[in-house]
Amino acid sequence: MNELPVSEADLQAYADGRLPEERRSAVEAWLAARPEEAERVTAYRRLAHEVRAAYETMLSDPVPARLARAASPRPQWRRMAVAAGWVVLGIAIGAPVGWHVRPERTVTQLVPDNAVIARRAAIAHATYSPEVRHPVEVGADDEQHLIAWLSKRVGVKLRAPKLEEAGMSLVGGRLLPGDNGPVAQFMYQSQNGRRLTLYVRTEASRNRETAFRYARENNVGVFYWIDREVGYALASADLSKDELLRLANLVYKKLEP
Amino acid sequence: MDEAKRLVELIPRLRRYARALVGERSSADDLVQDTLERAWAKLHLYRRGTDLRAWLFTVMHNVHVNRVRATRSSDPLEEEMPELAQRGTQSDALLVRDLDRAVARLPADQRAVLLLVTLEEMSYEQVARTLGIPIGTVMSRLSRAREKLRAMMLGQSPSAKLTLVK
């Protein structure tokens, strides 16, 4: 009866999921009576999702050396390069010698293949773990859907291990572009806000198992391993190496068939 | 220095936005490079503790506007464009290509707003500050951008849709 007027700005904010609760219900009621408008808003949401997906590969694209250099102040650029770490020049894991004499190269060329997962996982961690409003695409409250969706896209049956006994609870997950197809990222968080991400991708060469390996990419620590057709990388910028190792063991145990 | 680290961390996001904004990878990286260089030159103007990302996107916006002005590149986006391929039979890759082209056809002002809201997930207030426009303008540009994009992806021109409505 006493319908509040709904503005175009309300509809945009509604499409972006940014309306406060009470306003949202008002807009929903308004839309319920107007199927054409409802369809338009649905299309906006779908387009937003598609636009994000369309440009997502840029986030994991190796940063060209010229940009890495531009991000460093000229006068003390060497010192800064050390501080700025992997993106600047690409410190190869296992081959850290000589990186500073070849500033022209991009990261990929220096990193051995099996360490790429660690770098990708670290980049993904550095990109999404600081997010306050949108750390994940699908939240843990919809875990079933999250697992089903990511399993389908990544192409293997995934599980998000329960890490409550280590004080980490699942925040949710998202789909990322990877070198050999889509990759899943699960995000966990402790009560005091420390974050951990589990990066899961399929491996091209099957029937391979590796021990845990550790890499430190900038300020992100990563334990990574391959278990048959699946590669895992557990990353955190907030945990010590020992804490991360304990969690990696727990994850490994929980993922045992 | 913390800013240096953050700056490096933000490069992938700057590149994503620039790529969507200018439509082509190497000019996008040129824009990012100019932005980073300018950011270093102007770092003393950045207030510590405030949002470095927002500041950096403001720098990028200003650099972009100056570049467009300098090259006097006419905005090709207001021109009539042929329709995009029909939906339905498209693969994901085609959808991405069509979307990219549709985004490129948006008027530059509207495109910037749409991308900051959609890709960077900035609040409307942040977008207003970043682009130096009133929030009402943010909302109207967002609305127009989305409607154009929707129409293009439906394979019909937005102006045709408008004449229908009026």
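Just the heavy atoms: all of them, side chains too, but no hydrogens, waters or symmetry mates, feed the values below. The model shown is predicted, which means the values in this text are computed figures rather than measured ones. Residue numbers begin at 1 in each chain, while the letters A, B, ... track the order of the sequences.
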What are the two closest non-hydrogen atoms of A/Ala71 and B/Val8, and how far apart are they? CB-CG2, 3.9 Å
Does anything in residues 113-121 of chain B reach chain A? List residues with heavy atoms under 4.5 Å apart, or say none. B/Leu115, B/Val117, B/Thr118, B/Leu119, B/Glu121
Side chain proximity check, B/Leu36 to A/Arg66, heavy atoms < 4.5 angstrom: no
Residues in residues 124-139 of chain B that sit under 4.5 Å from chain A, counting heavy atoms only: B/Tyr124, B/Met139
Interface moiety of A/Ala13 toward chain B, non-hydrogen atoms closer than 4.5 Å: both
I need the A/Leu47 CG to B/Leu154 CG distance, nearest 0.5 Å. 8.0 Å
Value rounded to 0.5 Å, distance of OG in B/Ser140 from CD in A/Gln12: 10.0 Å
Taking the side chain as every heavy atom from C-beta outward, state whether A/Glu56 and B/Arg16 have any pair of such atoms under 4.5 Å apart. no
Looking at every heavy atom in both A/Leu67 and B/Asp29, which two are closest together, and how far apart are they? CD2-O, 3.4 Å
Other residues, nucleotides and ligands only: do more than 12 of their heavy atoms fall within 6.0 Å of NE2 on A/His145? yes
Measuring only between side-chain heavy atoms, which start at C-beta, is B/Val103 closer than 4.5 Å to A/Tyr55? yes
Would you please name every residue forming a side chain to side chain donor-acceptor pair (under 3.5 Å) with B/Tyr17, sequence neighbours left out? none
Do A/Asp16 and B/Leu142 make a side-chain contact, defined as non-hydrogen atoms from C-beta onward lying under 4.5 Å apart? yes
All heavy atoms of A/Arg18 vs all of B/Ser123, minimum pair found to be NH1-CA, 3.5 Å
Find out whether A/Val51 and B/Leu149 are in side-chain contact, i.e. whether some heavy atom of one side chain is under 4.5 Å from a heavy atom of the other. yes
For A/Pro62 and B/Arg15, which heavy atoms make the closest approach, and how far apart are they? O-NH1, 3.3 Å
Looking at B/Arg38, I'd like to know if its CZ atom is crowded, meaning that more than 12 non-hydrogen atoms belonging to other residues, nucleotides or ligands lie closer than 6.0 Å. no
Within the structure provided, determine whether A/Asn218 and B/Glu9 are in side-chain contact (heavy-atom separation under 4.5 Å). yes
With a 4.0 Å cut-off, would you call B/Arg25 and A/Asp61 a salt bridge? yes
Grab the two heavy atoms, one from A/Ala70 and one from B/Gln33, that are nearest each other, plus how far apart they are. CB-CG, 3.9 Å
Sorted by chain and number, sequence neighbours left out, side chain to side chain donor-acceptor pair (under 3.5 Å) with A/Asp238 holds for none
For residues A/Ala43 and B/Arg150, report the shortest heavy-atom separation together with the two atoms involved. CB-CD, 3.4 Å
Please assess B/Arg13 against A/Glu131 for the test salt bridge (Lys or Arg N to Asp or Glu O under 4.0 Å), listing each intermediate value before the final yes or no. CA-CA 13 Å; B/Arg13 298 175 73 143; A/Glu131 285 287 333; 3.0 Å; yes
Taking atom CD of A/Glu28 as the centre, does the number of heavy atoms from other residues, nucleotides or ligands within less than 6.0 Å exceed 12? yes
